[in-house]
Amino acid sequence: MTYLSRIWLNPLRTGAQALLKNPQRMHAAALGGLSRQPVTERVLWRLETGEGLRGADRPHRAEVLVLTESTPSWEHLIEQAGWIHTDEPQVLVRDYQPLLDRLHTGREFRFRLRANTVSATRTPDNPSPAQKEHLAAPRPRGVRVGHRTAAHQTTWLTDRIDRWGFTLLTTADLDGPRNQPDGPGDTDEPAPALRLTARERLTFPKKAKNTEKTGRRVVLNTATFEGALRVTDPARARATLLHGVGPAKAYGCGLITLAPLHTEQAGR
């Protein structure tokens, strides 16, 4: 079984603020929701704030989505960072299998993804001392370099999405014939149905393993995408949803979530 959880957080609480500022702490909180310790299954999560939230109370809430293979329990997270005594539900846990079962060739969905947009290269523009040392080794592998511009981050996604079992829809697919070329001389191609909604550079300390000492600082260049896609390879698409994409999955990147593109699909 696989489960997708949505946990609402109270950003006014000190515990929530600590989680929101440090992805490593949020990752530990996500792993703490599983009874089998140490955790050996793949856990994906994504923090939602601002535009990623639904409703009019977005400035007063934050939420975290967590994808787990086993049934989770989130009481510890509500006690630490939520609304403890409220009557409103603080957690929503849903079976993920019905969505996986709907991943048929040609099926269309809206999607959302927060990704750490990096690529491997042997010729970085401004290599750090650590990268220079790595590249000086015999037969070195490429070093990871983060994409910082909107254009490069968008290209990062469009170059990879076919490998994930999907293809991007276009504005013509969404809006119909009025966006098609007017005639033989009109060669304008419809734009991809893709929007880069947020770009962020995260810097936070990483705690060294088995010690309370602070280790190296982690720097992530993240991009949040929204758009519309079509399933082209159901098996790859399911693997993509279950295992995530790109690096930094422990830090809240790589989880792709889908929603029905057409209202008539919602009940199927």
Side-chain angles (χ1 to χ4, degrees), residues 1-8 30 41-55 58 62-72 91-117 153-154 156-175 190-198 222-249 251-268:
M1 298 290 289
T2 305
Y3 301 90
L4 182 65
S5 302
R6 185 185 298 268
I7 309 107
W8 284 270
E41 67 182 72
R42 165 67 72 188
V43 176
L44 299 174
W45 63 273
R46 185 176 75 229
L47 183 66
E48 296 282 16
T49 58
E51 190 174 347
L53 295 177
R54 304 172 184 173
R58 294 184 304 183
E63 65 187 39
V64 59
L65 301 176
V66 187
L67 188 68
T68 61
E69 296 176 11
S70 53
T71 307
V91 175
L92 179 64
V93 180
R94 288 183 174 176
D95 182 2
Y96 211 50
Q97 192 60 46
L99 174 63
L100 298 177
D101 291 341
R102 291 199 293 270
L103 295 178
H104 303 301
T105 301
R107 196 70 183 270
E108 297 175 351
F109 296 90
R110 297 194 181 276
F111 78 94
R112 184 171 173 84
L113 165 68
R114 188 190 193 198
N116 180 29
T117 53
Q153 289 174 330
T154 300
W156 179 92
L157 183 141
T158 56
D159 284 349
R160 289 165 173 75
I161 194 166
D162 288 344
R163 309 177 207 167
W164 303 339
F166 304 102
T167 188
L168 284 174
L169 297 180
T170 68
T171 52
D173 294 322
L174 298 181
D175 297 337
L194 177 66
R195 189 162 67 104
L196 180 55
T197 62
T222 68
T224 301
F225 302 95
E226 291 183 353
L229 49 72
R230 179 182 296 117
V231 177
T232 55
D233 186 326
R236 285 190 179 185
R238 293 185 187 100
T240 295
L241 295 191
L242 293 174
H243 300 290
V245 299
K249 297 182 181 69
Y251 299 138
C253 297
L255 172 63
I256 297 182
T257 51
L258 303 181
L261 177 62
H262 306 295
T263 55
E264 64 269 18
Q265 291 184 350
R268 294 184 186 175

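Just so it is clear, the model here is predicted, and its values are computed rather than measured.
The side-chain contact (heavy atoms from CB on, under 4.5 Å) test applied to Arg42 returns Leu44, Glu69, Lys249, not counting sequence neighbours. Annotation: salt bridge (charged side-chain N to carboxylate O under 4.0 Å, His left out) contacts of Arg236 (sequence neighbours excluded): Asp233. Not counting sequence neighbours, the partners of Ala223 by the side-chain contact (heavy atoms from CB on, under 4.5 Å) test are Thr117, Gln153, Leu196, Phe225. Partners of Thr167 under the side chain to side chain donor-acceptor pair (under 3.5 Å) rule, at least two apart in sequence or in another chain, do not exist in this structure. With sequence neighbours left out, Thr170 forms a side chain to side chain donor-acceptor pair (under 3.5 Å) with Asp173. Applying the side chain to side chain donor-acceptor pair (under 3.5 Å) test to Arg114 and every residue at least two apart in sequence or in another chain returns Glu200. Residues forming a side chain to side chain donor-acceptor pair (under 3.5 Å) with Asp162 (at least two apart in sequence, or on another chain): none. Remark: Ala193 engages Leu169, Leu174, Ala228 in a side-chain contact (heavy atoms from CB on, under 4.5 Å) (not counting sequence neighbours). Partners of Arg230 by salt bridge (charged side-chain N to carboxylate O under 4.0 Å, His left out), not counting sequence neighbours, listed by chain and number: Glu108. For Pro72, the side-chain contact (heavy atoms from CB on, under 4.5 Å) criterion is met by Tyr3, Ser5, Leu34, Thr68, Trp74, Val93, not counting sequence neighbours. With sequence neighbours left out, the ring-ring contact (aromatic ring centres under 6.0 Å, His included) criterion links Tyr251 to Phe204.
Atoms CG and CE, from Asp95 and Met1 in turn, are 3.5 Å apart once rounded to the nearest 0.5 Å. Summarising the geometry, atom CG belonging to Leu99 is positioned 8.5 Å from atom CG belonging to Leu4; distances are rounded to the nearest 0.5 Å. Atom CG of residue Leu255 and atom CG of residue Leu242 lie 10.5 Å apart, to the nearest 0.5 angstrom. Rounded to the nearest 0.5 Å, atoms CD (Glu63) and CG (Leu92) are 10.0 Å apart. Annotation: the span from Leu258 atom CG to Arg107 atom CZ amounts to 10.5 Å, rounded to 0.5 Å. In this structure, Ile256 CD1 and Leu157 CG are separated by 7.5 Å, a value rounded to the nearest 0.5 Å.
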TODO: Would you sort out whether Trp164 and Leu113 count as a side-chain contact (heavy atoms from CB on, under 4.5 Å), showing the intermediate values?
DONE: CA-CA 13 Å; Trp164 303 339; Leu113 165 68; 4.1 Å; yes
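Side chain of Thr2 to backbone of Tyr96: no donor-acceptor contact under 3.5 angstrom is found. A donor-acceptor contact shorter than 3.5 Å is absent between the side chain of Thr49 and the backbone of Ala62. Arg238 places a side-chain N or O within donor-acceptor distance of the main-chain N or O of Leu100, the cut-off being under 3.5 Å.
Of all heavy-atom pairs between Gly246 and Trp156, the closest is CA-CZ2, 4.4 Å. The minimum heavy-atom distance between Phe166 and Thr232, with the atom names listed, is N-OG1, 3.5 Å. Closest approach of Ala237 and Val231 over heavy atoms only: CB-CG1, 4.3 Å. Residue Ala30 comes nearest to Val66 through the heavy atom pair CB-CG1, 4.2 Å, listed as atom of the first residue, atom of the second, then distance. Contact between Ser70 and Glu41 at its shortest, heavy atoms only, is OG-OE1, 2.7 Å.
Here the side chains of Phe109 and Thr257 are not in contact, with every heavy-atom distance at 4.5 Å or above. Side-chain contact between Arg112 and Thr197 is present, with heavy atoms from C-beta onward closer than 4.5 Å.
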